[in-house]
S.K.: 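Quick one: this structure, given as structure tokens, is what I'll be asking you about.
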Amino acid sequence: MPFVLFARHQAPLSLRVLCITSQAQWRFLASLCTCVLSDADPPQLPSLDKEHFVSVLRRSGSLRQLKKIHGLLLTTGYSRKDSLLTELLEALLRLKEMPYARQLFDEMRKPRTYLWNILVRGYVRSEIYVEALGVYGLMHRTGFPPDNFTFPFVIKTCTQLSAVWGGLQVHTLIVKLGVEFDTIVRTELMIMYAKFGNSISADYLFDTTGDKDLIFWNALIAVYQQNGRADKALDLFRRMEDEGLVPDSVTLACVLSCCAYLGSLEMGMQIDRQIVFVEMPVRNVVSWSTMIGGYAVNGESNKALALFSEMHKEGLQPNHVTFLSVLSACSHAGLVNEGRYYFNLILKADKLRPRLEHYACMVDLLARSGHLEEAYNFITRMPIDPDAGVWGALLGACTVYQNIELGQQVADKVLSLAPDASSYHVLISNIYASAGRWEDVERVRKQMEEKYVKKVASYSSVELNGKIHVFHRAEMSHSQSGRIYKLLEELMRCARSKGYTPKTSVVLHDMEEEEKESVLGTHSEKLAIAFGLINLPPELPIRVIKNLRICSDCHTFSKFVSGIVGREIVIRDKIRFHHFQNGDCSCKDFW
DNA sequence: TTAGGGTTAG
């Protein structure tokens, strides 16, 4: 039998690796194992077999295969079985076959700390955080103290679960066990505190870490970027360079995203020679996607799409984020046909399948361009269950087109999927309000009260000398309120003389016209713009960040003001950037 | 044999 021959005389390595790719080769492996079993004295076989097993395990793609291997392992009695079982455990965890993995783990003899760590890692990687904590606790109770390998997983778990108290307890234990100076443990702790909003502890960890390596710096830059503190992230980036560290692609991806967030890619790119895109040391999918998304959110859809085809020419495979950015570019410009084209590209892509967010983006594009029915049919034909986000996109468009009938139908779906989300309640109430159905508005308001759903208060902010000034509607408490309202009055007069009329229909309350006008006039966007005009040097654009979507009256007003004062006004709302200049907006009134 | 950082729509 040739198999036996191979087995006995050590098959060449290439053959061993080859042995695992097809059905026939599976049969080969099975025969090989049969030989092992039937051999009365198999002393030389294990070394050959182990490599086979490991090789097969590392390439296995299904539970069925792994179960088969497990069976073989159980019937083969040899000395290195423990290490193979560990390999098997890792393979199961990689495939997220948690119940089977757990069963195997429980059956394994004398688990070592290493093995416990592998199990915790498996749960963390599968994002099953509560179980991860459970295993960590069990590990303790069973007498295996966690070590410097365990902690990064556990801290990450606390971060994900927003377990502030648990995180503190873990930190205490880390100090007690003396692993607090481990760089990796410190990195995770710092991320945890930063994400909890405890910047004092995060800064303390940062300042007291002597040897900050690149990943350590990147971690904090990333957290600031994710928390919307682009300014702090960029400061940190400059400090890092001052200290002589060379940024890598991860640093640059964060920094690029910060520039996009600050609203001026051009300006952002000049911040430092490192981030001019063409000179970027590492151009990978992430940096391309970031750039495409940056252009998309700034309304430069053509540039975004051009960048996408350029990326394609360079032979890089777009990933799901790239496509999301591309679809978002189409959606911001109302490019329906292009959107359909790119969505089809995802369907055709080998390793990609459209996710919920792609569907939501597509629904938004279709519906907001007026194809409400097509959007509805698109949802009903989805191969995966639509979530509140997908229906919500359609609901938003129903508000824009004041389609109450469809809106009501969609509202039911949205509320059944996300009963406690305040933004959807507000959308629904807006649909009724814009149709003047005040009784229904009141009903939704009562529902919100009953469910303790709170409406998010809208506010706008402007940064001045590193300090963020926040304005709420009709705010009078700012030290400059007097000047702000006076300037607003003047601007309002001027705008009216040039043809501006307050769009009172956006005031979704039952009140008199005059009252509506006065409500409109004190919207937080307008206050923030006036504050910016008073305080920012004339050469700088007025940058306003709004937490919700900009109101359409403020949008019109901003266009007028940009023409009157001859300055650029940039408003970044929850959805995108609006660049107002000479009486026009970059969104071309489609948003 | 194990560990830390990245892009994301509405």
S.K.: Whole angstrom is fine here: how far is it from CD1 in A:Ile550 over to P in B:dG10?
M.R.: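 Those two atoms, CD1 and P, are 15 Å apart.
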S.K.: May I have the distance from A:Leu119 (atom CG) to B:dT1 (atom P), rounded to whole angstrom?
M.R.: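 The answer, rounded to whole Å, is 21 Å.
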S.K.: Roughly how far apart are A:Asn319 CG and A:Ser325 OG, rounded to 0.5 Å?
M.R.: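 Answer rounded to 0.5 Å: 8.5 Å.
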S.K.: Are any of A:Gln225's side-chain N or O atoms less than 4.0 Å away from OP1 or OP2 of B:dT7?
M.R.: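 Answer is yes, contact under 4.0 Å.
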S.K.: Scan A:Phe151 against the nucleic acid and name what it touches under 4.0 Å (heavy atoms): base, sugar-phosphate only, or nothing.
M.R.: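 Answer is nothing: A:Phe151 stays at 4.0 Å or more from every strand.
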S.K.: Measure the distance from CG on A:Asn117 to P on B:dG4 and round it to the nearest whole Å.
M.R.: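 Taking atom P of B:dG4 as the reference, CG of A:Asn117 is at 12 Å.
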S.K.: How would you label the contact of A:Ile575 with the nucleic acid (heavy atoms, under 4.0 Å): base, sugar-phosphate, or nothing?
M.R.: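 Sugar-phosphate contact only - A:Ile575 comes under 4.0 Å of backbone atoms but never of a base.
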S.K.: Nearest 0.5 Å, what's the CZ-SG distance between A:Phe323 and A:Cys361?
M.R.: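 Taking CZ in A:Phe323 and SG in A:Cys361, the distance rounds to 12.5 Å.
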S.K.: Using whole Å, what does the distance between atom P of nucleotide B:dT2 and atom CG of A:Leu115 come to?
M.R.: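 After rounding, the reported distance stands at 14 Å.
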S.K.: Under 4.0 Å between any heavy atoms, over every strand shown, what does A:Arg549 touch: base, sugar-phosphate, or nothing? Just pick one.
M.R.: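 It contacts sugar-phosphate atoms only.
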S.K.: How close or far is atom C1' of B:dG10 from atom CG of A:Asn547, stated in whole angstroms?
M.R.: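 After rounding, the reported distance stands at 15 Å.
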S.K.: Base, sugar-phosphate or nothing for A:Lys156? Non-hydrogen atoms, less than 4.0 Å.
M.R.: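 Sugar-phosphate: the residue A:Lys156, judged by heavy atoms under 4.0 Å, touches backbone atoms but no base.
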S.K.: Between A:Lys232 and A:Asp235, does any NZ, NE, NH1 or NH2 come within less than 4.0 Å of an OD or OE carboxylate oxygen?
M.R.: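 Looking at A:Lys232 together with A:Asp235, the answer is no, because their closest N to O distance does not fall below 4.0 Å.
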S.K.: Can you find a donor-acceptor N/O pair under 3.5 angstrom joining the side chain of A:Asp213 to the base of B:dG4?
M.R.: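 Per atom types, the contact qualifies.
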S.K.: Given B:dG4, B:dT2, B:dG6, identify the nucleotide with an atom nearest to the side chain of A:Ile184.
M.R.: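 For A:Ile184, the side-chain atoms sit closest to B:dG4.
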S.K.: How long is the span from the CG atom in A:Leu324 to the NE2 atom in A:His358, to the nearest 0.5 Å?
M.R.: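 These two atoms lie 5.0 Å from each other.
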S.K.: From C-beta outward on A:Cys254, which listed nucleotide comes closest to its side chain: B:dG4, B:dG6, B:dG10?
M.R.: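 Looking only at heavy atoms from C-beta outward on A:Cys254, the closest nucleotide is B:dG6.
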S.K.: Answer yes or no: is there an ion pair linking A:Arg238 with A:Asp242, defined by an N-O contact shorter than 4.0 Å?
M.R.: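 Judged by the 4.0 Å cut-off on N to carboxylate O distance, A:Arg238 and A:Asp242 do not form a salt bridge.
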S.K.: Please determine if a side-chain N or O atom of A:Ser257 lies less than 4.0 Å away from the OP1 or OP2 oxygen of B:dT8.
M.R.: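 Looking at the OP1 and OP2 atoms of B:dT8, one of them is under 4.0 Å from a side-chain N or O of A:Ser257.
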S.K.: If you only use heavy atoms from C-beta on, which nucleotide in B:dG4, B:dA3, B:dA9 is closest to the side chain of A:Ala360?
M.R.: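 My answer, after comparing the listed nucleotides, is B:dA9.
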S.K.: So, is A:Arg125 close to the B:dA3 phosphate, meaning a side-chain N or O under 4.0 Å from OP1 or OP2?
M.R.: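 Yes, A:Arg125 has a side-chain N/O under 4.0 Å of OP1/OP2 on B:dA3.
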S.K.: Applying a 4.0 Å non-hydrogen cut-off, can you work out what A:Thr183 is touching in the nucleic acid: base, sugar-phosphate, or nothing?
M.R.: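 Base contact.
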S.K.: Donor-acceptor pair under 3.5 Å: do we get one between A:Tyr114's side chain and the base of B:dT2?
M.R.: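 Under the 3.5 Å cut-off, the side chain and the base do not form any donor-acceptor pair.
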S.K.: Which part of the nucleic acid, if any, lies within contact of A:Glu188, taking any heavy atom under 4.0 Å across all strands shown: a base, the sugar-phosphate backbone alone, or nothing?
M.R.: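 Here A:Glu188 touches the backbone only, sparing every base.
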S.K.: B:dG6, B:dA9, B:dA3: which one has an atom nearest the side-chain heavy atoms of A:Cys361?
M.R.: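 Comparing B:dG6, B:dA9, B:dA3 against the side chain of A:Cys361, the answer is B:dA9.
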S.K.: Roughly, in whole Å, what's the span from CZ in A:Arg121 to P in B:dT1?
M.R.: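 About 14 Å, once rounded to whole Å.
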S.K.: May I ask you to say what A:Ala393 touches in the nucleic acid, namely base, sugar-phosphate or nothing, with a heavy-atom cut-off under 4.0 Å?
M.R.: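 A:Ala393: no heavy atom of the nucleic acid under 4.0 Å.
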S.K.: Can you tell me how far C1' of B:dA3 sits from OH of A:Tyr136, to the nearest Å?
M.R.: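 From A:Tyr136 OH to B:dA3 C1': 15 Å.
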S.K.: Ignoring the backbone of A:Pro152, work out which of B:dG6, B:dA3, B:dT2 is nearest its side chain.
M.R.: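 Closest of the options to the side chain of A:Pro152: B:dA3.
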S.K.: Describe the nucleic acid contact of A:Gly396 in one word from base, sugar-phosphate, nothing, applying a heavy-atom distance below 4.0 Å.
M.R.: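 If one applies the 4.0 Å heavy-atom cut-off, A:Gly396 turns out to touch nothing in the nucleic acid.
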S.K.: Tell me whether A:Arg340 is salt-bridged to A:Glu374, with the criterion being a basic N under 4.0 Å from an acidic carboxylate O.
M.R.: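 Judged by the 4.0 Å cut-off on N to carboxylate O distance, A:Arg340 and A:Glu374 do form a salt bridge.
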S.K.: By the 4.0 Å heavy-atom rule, please label A:Ile191 as base, sugar-phosphate, or nothing.
M.R.: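 Answer is sugar-phosphate: A:Ile191 comes under 4.0 Å of backbone atoms only.
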S.K.: Between B:dG4 atom C1' and A:Glu180 atom CD, what is the distance in whole Å?
M.R.: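 Atom CD in A:Glu180 sits about 17 Å away from atom C1' in B:dG4.
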S.K.: Quick check, are the ring centers of A:His140 and A:Phe144 under 6.0 angstrom apart?
M.R.: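 Here the rings of A:Phe144 and A:His140 have centres that are no less than 6.0 Å from each other.
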S.K.: So, is A:His332 close to the B:dA9 phosphate, meaning a side-chain N or O under 4.0 Å from OP1 or OP2?
M.R.: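 So the side-chain polar atoms of A:His332 never come under 4.0 Å of the phosphate oxygens OP1 or OP2 of B:dA9.
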